[in-house]
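Worksheet: the structure to be examined is printed underneath.
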Protein chains: 4
Amino acid sequence: MNDQPAPEAAPEPGRPGRRRSEASRQAILAATSELVAEVGYANLTIEGIAARSGTGKQTIYRWWPSKADVLLDALMTKAELHIPIPDKGSYADDLRAFLTASFALGRDRRIMDIQRALMAHAQLDEDFGRRLRTEALQRRRDALAVIQGRARDRGDLPPSPSPGTAADLVFGVIWYRVLVTHQPLDQALVDELVAMLAPAANGGRRRTTSSRPRQGSNG
Amino acid sequence: MNDQPAPEAAPEPGRPGRRRSEASRQAILAATSELVAEVGYANLTIEGIAARSGTGKQTIYRWWPSKADVLLDALMTKAELHIPIPDKGSYADDLRAFLTASFALGRDRRIMDIQRALMAHAQLDEDFGRRLRTEALQRRRDALAVIQGRARDRGDLPPSPSPGTAADLVFGVIWYRVLVTHQPLDQALVDELVAMLAPAANGGRRRTTSSRPRQGSNG
Amino acid sequence: MNDQPAPEAAPEPGRPGRRRSEASRQAILAATSELVAEVGYANLTIEGIAARSGTGKQTIYRWWPSKADVLLDALMTKAELHIPIPDKGSYADDLRAFLTASFALGRDRRIMDIQRALMAHAQLDEDFGRRLRTEALQRRRDALAVIQGRARDRGDLPPSPSPGTAADLVFGVIWYRVLVTHQPLDQALVDELVAMLAPAANGGRRRTTSSRPRQGSNG
Amino acid sequence: MNDQPAPEAAPEPGRPGRRRSEASRQAILAATSELVAEVGYANLTIEGIAARSGTGKQTIYRWWPSKADVLLDALMTKAELHIPIPDKGSYADDLRAFLTASFALGRDRRIMDIQRALMAHAQLDEDFGRRLRTEALQRRRDALAVIQGRARDRGDLPPSPSPGTAADLVFGVIWYRVLVTHQPLDQALVDELVAMLAPAANGGRRRTTSSRPRQGSNG
DNA sequence: CTCTAACCGAGACGGTACGTCAGGTCTTGAC
DNA sequence: GTCAAGACCTGACGTACCGTCTCGGTTAGAG
């Protein structure tokens with residue numbers, strides 16, 4: 001049923017016929033971004049995208065399995081979802097940088113709405129769920145795993161919680177706030193998470209710029 | 001737009017006109033439960049529910065704003081989503097009991113699928129999102145808050161993380177596993193969460209019944 | 001199915017129970033007249049009549065078989081559909097008076113629209129068709145028949161066309177203009193019909209006030 | 001509201017997109033004819049037509065504004081509603097031929113029922129009324145006008161009634177019998193109409209086969 | 001002075017069909 | 001072989017009314 005040749009497929013040089021139109025691809029992704037901002041994901045339709053982009057529905061169906069895939073593609077193409085992971089010298093500082101960068105992404109209301117919609121769609125469409133996980137979510141986990149690997153090599157990765165659980169906690173809180181409570185992802189949360197996951201003996205940040213009161217040890 | 005007199009509204013004795021049919025209400029909720037199990041949420045339709053329950057569509061639209069609301073009602077009516085919160089004597093033990101009971105709910109594949117679908121719908125329909133939060137999600141937070149209140153009174157509530165953040169962490173992990181990783185909610189996770197959130201000096205469980213090997217460090 | 005005790009039924013003295021509410025009857029007929037003028041017959045509904053009149057649907061269904069019957073009742077109650085048939089001394093003059101009076105009825109746009117709608121409904125509902133014929137249409141034929149009877153007695157009823165066909169012609173033209181061409185029923189048509197159906201030797205009107213050019217009589 | 005590109009529109013060679021399916025069109029018209037014969041116009045529904053014809057409702061709505069239009073199309077496509085108007089040499093004979101042919105059409109019970117229903121719908125839907133008049137009714141008037149034109153040229157068109165009124169009389173009687181009295185359109189009526197409208201001195205039929213009593217001429 | 005029958009308003013009920021929307025597929029002629 | 005265009009079948013939507021069926025509450029004769 002889903003015989004798409006995978007959108008990222010190479011052009012296959014020796015193939016006859018007209019080549020895929022890059023202009024149409026761009027137009028479709030642009031139209032999708034505009035439309036989702038204007039009418040919201042629930043009112044986003046393939047027909048609307050085709051009309052807005054001046055393309056045919058078939059062209060969309062030929063290259064993407066669902067409207068969520070188009071949207072995911074648009075998001076990944078346009079927005080810089082990349083999380084930088086420079087080595088800050090300690091697990092605590094690496095983690096803090098990672099969290100701060102991750103939270104920044106969630107600050108943009110439009111991007112957050114799209115992420116919520118994609119996550120929602122992933123629950124209703126198993127295939128898309130798999131794609132979303134492998135193409136977007138896993139990359140963030142991988143980034144965190146790199147940080148944890150560095151920490152392990154360095155020797156300052158705490159024994160508990162396990163790295164996997166730590167990741168679940170980090171991403172769990174983020175998604176929970178995005179999906180459920182709609183609370184902002186603020187610096188206070190960064191501090192709490194770092195304190196909990198990287199409770200360095202000489203402890204994380206020495207001089208905090210946060211307004212949070214000194215945390216009198218949580219050990 | 002949402003002029004529903006609230007399904008749980010009292011019968012209002014002195015009102016003229018035919019009373020709401022309890023038989024129809026039951027039939028609709030039952031049909032919804034059956035159908036969602038048979039065809040899945042994505043293929044659940046109001047028309048299908050009406051046909052299966054032997055009622056008219058209007059009767060459904062009269063009392064529920066959307067199919068997700070019917071499903072939520074069915075879930076809350078049928079399934080016992082109640083989380084008991086007996087006083088076990090310590091925050092650690094209370095928390096452990098709470099988590100164990102909560103995780104048990106997620107063990108039933110069908111209930112979990114429904115919860116995933118409802119959470120998905122909540123992302124696409126803001127009004128339903130509000131209803132889901134107040135009618136279902138908030139109750140669980142309240143239960144946890146009771147435990148935390150007891151701990152505060154008892155003096156064994158750790159200062160960090162804050163109770164609110166602790167709740168975000170707990171529910172965040174649960175939903176993240178349910179929605180994203182589809183990992184089972186197992187005893188190991190209970191232990192890790194308790195260890196992190198209630199790191200009692202005399203520490204959580206002394207004698208574990210868990211099959212998890214002592215974690216001799218994973219670093 | 002249609003066990004209505006006939007709206008015009010006598011009060012039947014020895015019957016227990018509450019009497020039919022004359023106030024409701026009036027309110028229903030009045031609401032019907034208003035509504036049909038406001039929204040047109042096609043958008044006239046029993047529910048609308050009930051709401052506007054402040055009565056229950058059942059009260060309408062109890063006394064009238066269809067909305068067309070309500071409307072017919074309203075029309076016959078309010079509008080004076082009676083055609084006077086005074087003896088003018090000759091068939092030609094009687095006929096002229098009859099036609100003039102009949103045409104006057106069709107001058108009111110609202111009454112004409114209602115008659116069109118009732119005639120339309122009669123085509124779709126055989127039972128109502130029978131009622132419309134016996135309660136309204138036949139009365140007009142009877143009035144014409146009285147005139148023709150007088151003429152026969154008087155000896156100035158032409159042998160052709162037969163009285164029945166003459167009636168068909170008269171009412172045929174009226175309804176055809178009302179239903180199809182929407183042409184006004186004017187004095188010129190009266191003259192033509194009289195000239196054709198009562199071509200008296202000493203002929204109808206000697207001095208016409210009509211604007212029609214003298215026509216050398218076609219007798 | 002009525003943006004139909006007119007069903008009879010030419011195929012417009014250089015237009016992109018899939019062509020209208022002639023097979024669907026035929027199936028819809030055929031299904032409509034069958035259904036109206038089986039269940040009657042009042043129980044004819046667009047959904048029924050779509051189901052019976054194996055097409056989608058949208059395909060019907062795309063090309064016809066209402067079920068009455070579908071039915072009119074079916075009637076005009078299938079039934080030969082054409083009235084031949086050969087020159088018989090005199091107005092009386094032409095008229096007799098025209099009436100006989102017109103009456104024959106009304107003999108078929110099914111066609112008559114459809115015509116009654118269409119006329120009824122025309123009263124409830126002004127737009128359809130216009131279409132019915134221009135596409136069907138006017139054509140018959142035009143045919144009669146041709147006959148009258150020939151008579152005028154020939155010099156045997158009586159000065160009274162005026163041609164327009166004569167047409168009103170002819171079609172008025174026909175429709176009145178079809179819609180109201182349900183009397184058959186028989187030869188006797190033909191004779192009476194011809195006698196009245198074409199009262200040739202040496203006129204009309206010399207030897208009548210009608211059972212009507214000799215009428216001593218009323219001219 | 002109840003009893004019982006018929007009416008009344010209100011309004012929920014099981015239905016049917018509406019007209020619309022969008023989905024995903026197919027067809028056409030151009031490129 | 002892809003493209004824009006657009007018609008096709010399908011299925012569900014949410015709405016409007018239908019005609020019926022409770023409700024609680026009058027209103028009137030008969031007992």
Side-chain angles (χ1 to χ4, degrees), chain A residues 1 15-21 23-24 27 43-48 50-51 53-63 65-67, chain B residues 11 13-21 23-25 27 43-48 50-51 53-63 65-67, chain C residues 1 5 12-21 23-24 43-48 50-51 53-63 65-67, chain D residues 11 13-21 23-25 43-48 50-51 53-63 65-67:
Chain A
M1 177 154 279
R15 202 153 42 80
R18 187 174 176 172
R19 290 296 169 282
R20 174 175 185 182
S21 161
S24 290
N43 296 108
L44 182 68
T45 65
I46 297 279
E47 297 208 326
S53 64
T55 65
K57 286 203 290 180
Q58 198 62 265
T59 302
I60 300 177
Y61 284 113
R62 184 151 34 227
W63 300 108
S66 76
K67 69 172 179 174
Chain B
R15 198 161 43 81
R18 187 176 179 172
R19 295 296 166 274
R20 176 176 184 180
S21 163
S24 290
R25 184 177 167 276
N43 296 109
L44 182 67
T45 65
I46 298 278
E47 295 209 328
S53 65
T55 65
K57 283 201 289 181
Q58 202 65 265
T59 301
I60 300 177
Y61 283 112
R62 184 156 27 231
W63 300 109
S66 76
K67 69 172 180 174
Chain C
M1 174 155 282
E12 287 177 42
R15 197 156 45 81
R18 186 176 180 173
R19 290 295 166 279
R20 175 176 185 180
S21 163
S24 289
N43 296 108
L44 182 68
T45 66
I46 296 279
E47 297 209 327
S53 64
T55 65
K57 286 201 294 179
Q58 198 62 266
T59 301
I60 300 177
Y61 282 113
R62 185 155 27 231
W63 300 109
S66 77
K67 68 171 178 172
Chain D
R15 198 162 43 83
R18 186 175 178 173
R19 294 297 168 275
R20 175 175 186 182
S21 162
S24 289
R25 183 177 168 276
N43 297 107
L44 182 68
T45 65
I46 297 278
E47 295 208 328
S53 65
T55 65
K57 283 201 288 181
Q58 202 63 266
T59 300
I60 299 177
Y61 283 112
R62 184 156 28 233
W63 301 108
S66 76
K67 68 171 178 173

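Naming: A, B, ... by sequence-line order, numbering from 1 per chain. Remember, it's a predicted structure, so these values are computed and weren't measured experimentally.
OP1 or OP2 of dA10(E) has not a single side-chain nitrogen or oxygen of Arg15(B) nearer than 4.0 Å. Applying the 4.0 Å criterion to OP1 and OP2 of dT2(F), one finds that Ser21(A) has every side-chain N and O outside that range. The side chain of Trp63(A) places no N or O atom within less than 4.0 Å of a non-bridging phosphate oxygen (OP1 or OP2) of dG1(F). Note on Arg20(B): every side-chain N or O is 4.0 Å or more away from OP1 and OP2 of dG11(E). A sub-4.0 Å separation between OP1 or OP2 of dA4(F) and a side-chain N or O of Thr59(A) is present. Note on Ser24(D): every side-chain N or O is 4.0 Å or more away from OP1 and OP2 of dA7(F).
We find that CZ of Arg25(B) is positioned 19 Å from C1' of dG14(E), with the value rounded to whole Å. Across the protein-nucleic acid pair, Ile60(C) atom CD1 and dA10(E) atom P stand 12 Å apart, rounded to whole Å. Here dC26(E) presents its C1' atom at 13 Å from CZ of Arg19(D), a figure rounded to the nearest Å. Rounded to whole Å, the distance from CZ on Arg62(A) to P on dA5(F) is 14 Å. The nearest whole Å value for the distance from the CD1 atom in Ile46(B) to the P atom in dG14(E) is 14 Å. If you measure from atom CG of Asn43(A) to atom C1' of dG23(E), you get 15 Å, rounded to the nearest angstrom.
Leu44(D) and Lys67(D) make their closest contact through O-NZ, 2.8 Å (heavy atoms, listed as atom of the first residue, atom of the second, distance). Between Gly56(D) and Ala50(D), the shortest heavy-atom distance links the atoms C-CB, 4.1 Å. Between Ser53(B) and Ala27(B) the shortest heavy-atom distance is CB-O, 3.4 Å.
With contacts defined as side-chain heavy-atom distances shorter than 4.5 Å, the pair Arg62(C)/Thr59(C) qualifies. For the pair Trp63(B)/Arg25(B), no side-chain contact is recorded, criterion being any heavy-atom separation below 4.5 Å from C-beta on.
Closest to the side chain of Glu47(A), out of dT27(F), dG23(E), dC18(F), is dG23(E). Of all nucleotides listed (dC23(F), dC9(F), dA10(E)), dA10(E) comes nearest to the side chain of Gln58(C). Here the nucleotide nearest the side chain of Tyr61(B), chosen from dA4(F), dC18(F), dT15(F), is dT15(F).
Side chain Arg18(C) to base dT26(F): a donor-acceptor pair is found below 3.5 Å. One can find a donor-acceptor pair under 3.5 Å joining the base of dG24(E) and the side-chain atoms of Lys57(A).
Where Gly17(C) and Gly48(D) meet DNA chain E, the nucleotide closest to each residue was compared, and Gly17(C) sits on the side nearer the 5' end. With DNA chain F read from its 5' end, the first of the two nearest nucleotides for Thr55(D) and Ser66(C) is the one closest to Thr55(D).
Within 4.0 Å (heavy atoms only), Gly54(B) reaches sugar-phosphate atoms of the nucleic acid but no base atom.
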